[in-house]
2 protein chains.
Amino acid sequence: MEFKQIKNNKVYEQIIEQIRELIYEGELKKGDKLPSERQLKKDLGVSRASIREAFSALEMIGLIESRPGEGTFIRDSFDEDFFNPLSLILLLNDNVAEELLELRRVLEIDCVKLAAERATAAEIEEMQSYINDLLSSSGYEEESIKADKMFHYTIARASGNKVLLFFMRSISEAMDFHIKNTRTKLVSKEETMSKFARQHEQIFKSLKNHDPEKAAAEMRNHLDYVEKLINKEIEG
Amino acid sequence: MEFKQIKNNKVYEQIIEQIRELIYEGELKKGDKLPSERQLKKDLGVSRASIREAFSALEMIGLIESRPGEGTFIRDSFDEDFFNPLSLILLLNDNVAEELLELRRVLEIDCVKLAAERATAAEIEEMQSYINDLLSSSGYEEESIKADKMFHYTIARASGNKVLLFFMRSISEAMDFHIKNTRTKLVSKEETMSKFARQHEQIFKSLKNHDPEKAAAEMRNHLDYVEKLINKEIEG
DNA sequence: AGAGTACTGATGGTCTGACCATCAAACAAT
DNA sequence: ATTGTTTGATGGTCAGACCATCAGTACTCT
């Protein structure tokens, strides 16, 4: 005898499933407008409440966007600034700080290789400005942190791989909470920041010369230093 | 003059925000039971509908789980089998197939390095079994695909980095849709499968000997071959 | 005493109908 | 041509109701 697992899907999950399939089949594309809640209520034979549960879930993951008075639309890009739920989930796991550090390391090194091959003139110019920011902002914690993050972020963007960029951002966001205090302590030291700035410059030079291996080596060096500091700070 | 952006957060978003903060502060941990919807309704002064919208969103991303008659709980692990919303978002982007391939390449190579260092005896044994499956399942498409996927999946798990495993799964799921048909065509050829099996064996040997660099090289070789086939299939 | 049964209360799941705020478009007034 | 006004559709929120499910509890029967 063989029994099939009985799955008592909730209504809102079935609604999501249908929308999902429409996306797979290409019937729903970026920017498309979904039917109104009241229309869907008729079409699907369910209550508006269930539809709204489905919509809020889809909005949470950044797939759709509801605008009062207008309607509900499929988002046209996922690289905009929306809350990334991944970081929330990562929060709940133990030892996740170490794993995040490890993963960031491998991703960032691959990232800088790709960036060295593909970075455009505009992106290189942008990186230069963040290096300048870091040099001139010594003493101002917030500005320093921002300049540091933006430098790395721009590298990720210059990799030309949006999925990679998305992953890097998820990791970065998650790390912000796990290592928040540590980060502030690190950057508050004048000496550390000037060393960061110099390392960034080294990475940047290799990027500018489109030398992937050199850039990777410099990034490795930079991350070694960062991780050493973090470990020292964590362990006391 | 400087104006601040007015943000009229929806009620359900504010509820999520509060839960989020409770997690950050450590007041909510894995397996914890949330207050009932009716209790939260009183505490927060909102309707049950809004609370349910918040909950369905949190359930979508796999953070919580609602069980009728019992209550709502924080999930105790995110590596179980829940629908991964990331793959849905990735579907909407153009050229994402190429980016996924590129990203999988770099991640999988780093993955196999870590796995070579850390794989346990049990995991190595598991890999061996999937290699045997692949050898013995020639001709049966479904079994071959499963054996192939499980081999790679086990490597990801053996890396010991759960976040990395999570990312690999997201990529794998997303790729399944973008390259679904292609995959089936690839595996249907007897010749291809036997070659896959041999390459898996090479990777496995290096893993067993805990030789990261060799394993990475073999993986690179394997992925080169796979990507060559995929490109050939896509272009005609 | 032990095992099974029935009741009860709490919980999530769903639906209905209502009211509000917002927006776009058509229209009216200047 | 610009500025208000109206109107209808839409999303946002709420209250109240009913159901199915589950965990105890009290009860019954042996």
Side-chain angles (χ1 to χ4, degrees), chain A residues 3-20 22 28 30-76 80 82-83, chain B residues 3-20 22 28 30-76 80 82-83:
Chain A
F3 290 99
K4 287 182 183 177
Q5 185 74 21
I6 293 178
K7 48 179 175 181
N8 181 19
N9 278 338
K10 300 166 196 167
V11 173
Y12 86 84
E13 287 177 342
Q14 298 180 44
I15 298 174
I16 290 175
E17 188 58 31
Q18 289 206 30
I19 294 176
R20 197 178 156 194
L22 287 177
L28 280 177
K30 286 197 272 181
D32 281 1
K33 186 175 183 298
L34 292 167
S36 75
E37 297 177 356
R38 288 169 178 83
Q39 184 61 42
L40 273 178
K41 167 194 159 116
K42 289 181 198 164
D43 294 348
L44 299 175
V46 297
S47 72
R48 247 188 92 198
S50 295
I51 293 172
R52 288 191 55 77
E53 287 177 20
F55 278 14
S56 65
L58 292 176
E59 192 165 24
M60 175 84 178
I61 67 171
L63 188 78
I64 66 175
E65 182 182 11
S66 290
R67 294 196 285 269
E70 295 185 57
T72 304
F73 305 83
I74 309 261
R75 281 185 87 109
D76 45 356
E80 281 176 26
F82 75 92
F83 169 62
Chain B
F3 289 99
K4 288 181 183 174
Q5 186 73 21
I6 294 177
K7 47 179 176 182
N8 181 21
N9 278 339
K10 298 166 198 169
V11 173
Y12 87 83
E13 288 178 342
Q14 298 179 47
I15 297 173
I16 290 176
E17 188 58 31
Q18 288 206 32
I19 294 177
R20 195 177 158 195
L22 287 176
L28 280 178
K30 285 196 273 183
D32 282 2
K33 186 174 182 299
L34 292 166
S36 75
E37 297 178 357
R38 288 168 178 85
Q39 184 60 43
L40 274 177
K41 168 195 160 110
K42 289 180 198 164
D43 294 348
L44 299 175
V46 297
S47 73
R48 245 188 96 197
S50 294
I51 293 173
R52 287 190 57 77
E53 288 178 20
F55 277 14
S56 65
L58 292 175
E59 192 165 26
M60 174 84 179
I61 67 171
L63 188 78
I64 65 174
E65 183 182 11
S66 289
R67 293 196 285 269
E70 295 186 55
T72 303
F73 305 84
I74 308 258
R75 281 185 85 108
D76 45 355
E80 282 175 26
F82 75 91
F83 169 61

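Reckoned from all heavy atoms, side chains included, excluding hydrogens, waters and symmetry mates. Chain identifiers are assigned alphabetically (A, B, ...) following the order of the sequence lines, protein sequences preceding nucleic acid strands; residue numbering begins at 1 within each chain.
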Using whole Å, report how far [atom1] of [X] lies from [atom2] of [N].
| X | N | atom1 | atom2 | result |
| --- | --- | --- | --- | --- |
| B:I51 | C:dG13 | CD1 | P | 13 Å |
| B:Q14 | D:dG12 | CD | C1' | 12 Å |
| B:R52 | D:dC18 | CZ | C1' | 14 Å |
| B:E65 | D:dC22 | CD | P | 13 Å |
| A:Q39 | D:dG11 | CD | P | 11 Å |
| A:E59 | D:dT10 | CD | C1' | 14 Å |
| A:F73 | D:dG11 | CZ | C1' | 11 Å |
| A:L34 | D:dA9 | CG | C1' | 16 Å |

Worksheet item: What's the shortest heavy-atom distance between B:D76 and B:K30, and which atoms?
Response: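 So the minimum-distance heavy-atom pair works out to O-CD, 2.9 Å.
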
Item to complete: Rounded to the nearest 0.5 Å, what's the gap from OG1 on B:T72 to CG on B:L40? Could you check?
Response: 8.5 Å

Worksheet item: What is the distance from atom CD1 of A:I16 to atom CZ of A:F55, rounded to the nearest 0.5 Å?
Response: 10.0 Å

Item to complete: For A:R38, answer base if it contacts any base atom (sugar-phosphate contacts may also be present), sugar-phosphate if it contacts only those atoms, and nothing otherwise; contact means non-hydrogen atoms under 4.0 Å.
Response: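 The answer is base, as A:R38 lies within the cut-off (heavy atoms under 4.0 Å) of a base atom.
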
Practice prompt. Scan B:R48 against the nucleic acid and name what it touches under 4.0 Å (heavy atoms): base, sugar-phosphate only, or nothing.
Written response: base

Measuring to OP1 and OP2 of [N], would you say a side-chain N or O of [X] lies under 4.0 angstrom away?
| X | N | result |
| --- | --- | --- |
| B:S36 | C:dT11 | yes |
| B:S66 | C:dT11 | no |
| B:T72 | C:dG12 | yes |
| A:S50 | C:dC15 | yes |
| B:R67 | D:dT21 | no |

Worksheet item: Side chains of A:K10 and A:E53: closer than 4.5 Å at any heavy-atom pair?
Response: no

Worksheet item: Within a strict 4.5 Å, meaning less than it, do heavy atoms of the A:L44 and A:Q18 side chains meet?
Response: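 Yes, their side chains come closer than 4.5 Å.
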
Fill in: Toward the 5' end of DNA chain D, by each residue's nearest nucleotide, B:G69 or B:A49
B:A49

Discussion item. Let me spell it out: for each of A:V11 and A:E70, pick the nucleotide of DNA chain C with the closest heavy atom. Which residue's pick is nearer the 5' end?
Written reply: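 Going by which nucleotide is closer to the 5' end, it is A:V11.
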
